[in-house]
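See below for the structure under consideration.
Proteins come first, then strands; the chains are lettered A, B, ... in the order of their sequence lines, and each starts at number 1.
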Number of protein chains: 2
Amino acid sequence: MIPARPYAFAIDRLRKAGLRPTRQRLALLRLMFDGGDRHVTAEQLHAEALAAKLRVSLATVYNTLNQFTAAGLLREVVVEAGRSYFDTNTSDHHHFFFEASGRLQDIPGADLKVSDLPPPPAGTTVSRVDVIVRVKSPDNN
Amino acid sequence: MIPARPYAFAIDRLRKAGLRPTRQRLALLRLMFDGGDRHVTAEQLHAEALAAKLRVSLATVYNTLNQFTAAGLLREVVVEAGRSYFDTNTSDHHHFFFEASGRLQDIPGADLKVSDLPPPPAGTTVSRVDVIVRVKSPDNN
DNA sequence: AAATAGTCTAGAATGATTCTAGACTATTGA
DNA sequence: TCAATAGTCTAGAATCATTCTAGACTATTT
Ligand SMILES: [Mn+2]
Ligand SMILES: [Mn+2]
Ligand SMILES: [Zn+2]
Ligand SMILES: [Zn+2]
């Protein structure tokens, strides 16, 4: 018997996002979401996919991550020029950024408050507030 | 008489940063700091330099901006993958980011407070806290 | 099963940034 | 004053992340 059931939820998520449930998208969706909250780059996910014997091109990984982000399944986080992290946690939260390792770690939204934010300039609305707490190891680096 | 005086302060700043006061560095320093608080990319500064009849290579603009940043004269701000802004304001402050135009605007440090920040992970110290308030025009984009 | 729209991929292209290696320049100190 | 030295500058190549292209392939619809 074919284990068609495990994919039922993933198929549904893709359909709701208006994306055809293809082999690549299903596999990437599971790689991203089967491991709790994650912050991965396209290159990292591509390497994971190859390690899992999945054949996907890097272009498809980029396309898929961007489509998932546009659909609200992922959130893109930028902390360093020339590198994008895709975050499976789309709720309101912030990040620690480990400068030495390049790793990101969630700070739950409730744990941190931004107050006295001046009103946004006339004619604009706030689309997102990002707080990045950069930390370093006093030793390494 | 040669106007050697206007450069006196700039020469001093470079010397204190351990950088030889060369023609290129002096000119770039003045371009950056003669106009109040600024947020510029390397490409933008290079274009300004050329417009001001200064002969500098883009490589030198990058080198210089990175040296100034390392010396604490500038601060690098990243809000989008693949693009670095160099900020002449090195005091504690945050930013509005206009998604439509790609422009940055300062939010004075005193105007915005981050509270209830959890302690940084063991063995690390906070090197900087960046708050980016992304705003969009409801019309354009 | 054919038609259609959507997707995938290798590889080229792009854009920002860094590197290379040789020419040039500021600083030092005899 | 001027060579020796360390530091700097530059054009162009290289690198790296990301996007684009165009044709082959696939899911969905009829
Ligand atoms: Mn993107
Ligand atoms: Mn840099
Ligand atoms: Zn996160
Ligand atoms: Zn600023």
Side-chain angles (χ1 to χ4, degrees), chain A residues 4 7-8 10-29 31 39-50 53-71 73-74 76-86 102 104, chain B residues 4 7-8 10-29 31 39-50 53-71 73-74 76-86 102 104:
Chain A
Y7 280 97
I11 290 176
D12 203 50
R13 283 190 98 170
L14 291 177
R15 283 250 163 70
K16 280 179 178 142
L19 297 169
R20 287 186 182 171
T22 64
R23 180 174 56 78
Q24 291 85 339
R25 285 181 184 148
L26 285 168
L28 292 175
L29 189 66
L31 275 181
H39 305 89
V40 269
T41 65
E43 289 278 3
Q44 284 167 7
L45 184 60
H46 185 233
E48 279 184 32
L50 297 187
K53 304 292 183 206
L54 171 68
R55 282 182 286 76
V56 215
S57 71
L58 181 57
T60 295
V61 173
Y62 273 106
N63 287 341
T64 302
L65 288 173
N66 285 328
Q67 289 157 352
F68 286 5
T69 301
L73 298 176
L74 295 175
E76 191 173 357
V77 182
V78 177
V79 290
E80 285 187 312
R83 188 195 243 160
S84 276
Y85 291 85
F86 292 89
L104 281 175
Chain B
Y7 281 98
I11 289 176
D12 204 50
R13 282 191 99 172
L14 291 177
R15 282 252 163 68
K16 280 179 177 142
L19 297 169
R20 286 185 182 173
T22 64
R23 179 173 56 78
Q24 292 85 339
R25 285 181 184 147
L26 285 168
L28 292 175
L29 188 66
L31 274 182
H39 304 89
V40 270
T41 65
E43 290 279 1
Q44 284 168 7
L45 184 60
H46 185 233
E48 278 185 33
L50 297 187
K53 305 292 183 205
L54 171 69
R55 282 182 287 75
V56 215
S57 71
L58 182 56
T60 296
V61 172
Y62 272 107
N63 287 341
T64 303
L65 288 173
N66 285 328
Q67 289 157 351
F68 286 5
T69 301
L73 298 178
L74 294 176
E76 190 173 357
V77 181
V78 178
V79 290
E80 285 188 311
R83 188 196 244 160
S84 277
Y85 292 85
F86 292 88
L104 281 176

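- Contact between the side-chain N/O atoms of T60(A) and the OP1/OP2 oxygens of dC8(C) is not found at any separation under 4.0 Å.
- Distance Y85(B) OH to dA16(C) P: 11 Å, rounded to the nearest Å.
- The shortest heavy-atom contact between R55(B) and Q24(B) is O-CG, 4.3 Å.
- Distances shorter than 4.0 Å separate none of the side-chain N or O atoms of Y62(B) from OP1 or OP2 on dT18(C).
- When each of V56(B), T69(B), L28(B) is tested with T64(B) by the rule side-chain contact (heavy atoms from CB on, under 4.5 Å), just one qualifies, namely L28(B).
- Taking the side chain of A59(B) as heavy atoms from C-beta on, and the options dA11(D), dT18(D), dT9(C), the nearest nucleotide is dA11(D).
- Rounded to whole angstrom, the span from the CZ atom of R55(A) across to the C1' atom of dT7(C) amounts to 15 Å.
- Nearest-nucleotide mapping onto DNA chain D: of N63(A) and Q67(B), the residue sitting toward the 5' end is Q67(B).
- A straight line from CG of L54(A) to P of dT7(C) spans 17 Å, rounded to a whole angstrom.
- Between L50(B) atom CG and dT10(D) atom C1' there is a gap of 13 Å when expressed in whole angstrom units.
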Under 3.5 Å, side-chain donor or acceptor atoms of residues 11-21 of chain A against the rest of the protein: list the pairs with distances, not counting sequence neighbours.
| residue | atom | partner | partner atom | Å |
| --- | --- | --- | --- | --- |
| D12(A) | OD2 | K16(A) | NZ | 2.8 |

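- The CD1-P distance, from I11(A) to dA27(D), rounds to 11 Å in whole Å.
- For dA26(C), the OP1/OP2 oxygens have no side-chain nitrogen or oxygen of R25(B) closer than 4.0 Å.
- The separation between R15(B) atom CZ and dG7(D) atom P is 14 Å, rounded to whole Å.
- The shortest side-chain heavy-atom distance between E80(A) and V78(B) does not fall under the 4.5 Å cut-off.
- Distance L28(A) CG to dC8(C) C1': 12 Å, rounded to the nearest Å.
- Within residues 16-24 of chain A, the residues that have a heavy atom under 4.0 Å from DNA chain D are, in order of number, R20(A), P21(A).
- A sub-4.0 Å separation between OP1 or OP2 of dT18(C) and a side-chain N or O of N66(B) is present.
- Between the C1' atom of dA16(C) and the CD atom of E80(A) lies a distance of 15 Å, rounded to the nearest Å.
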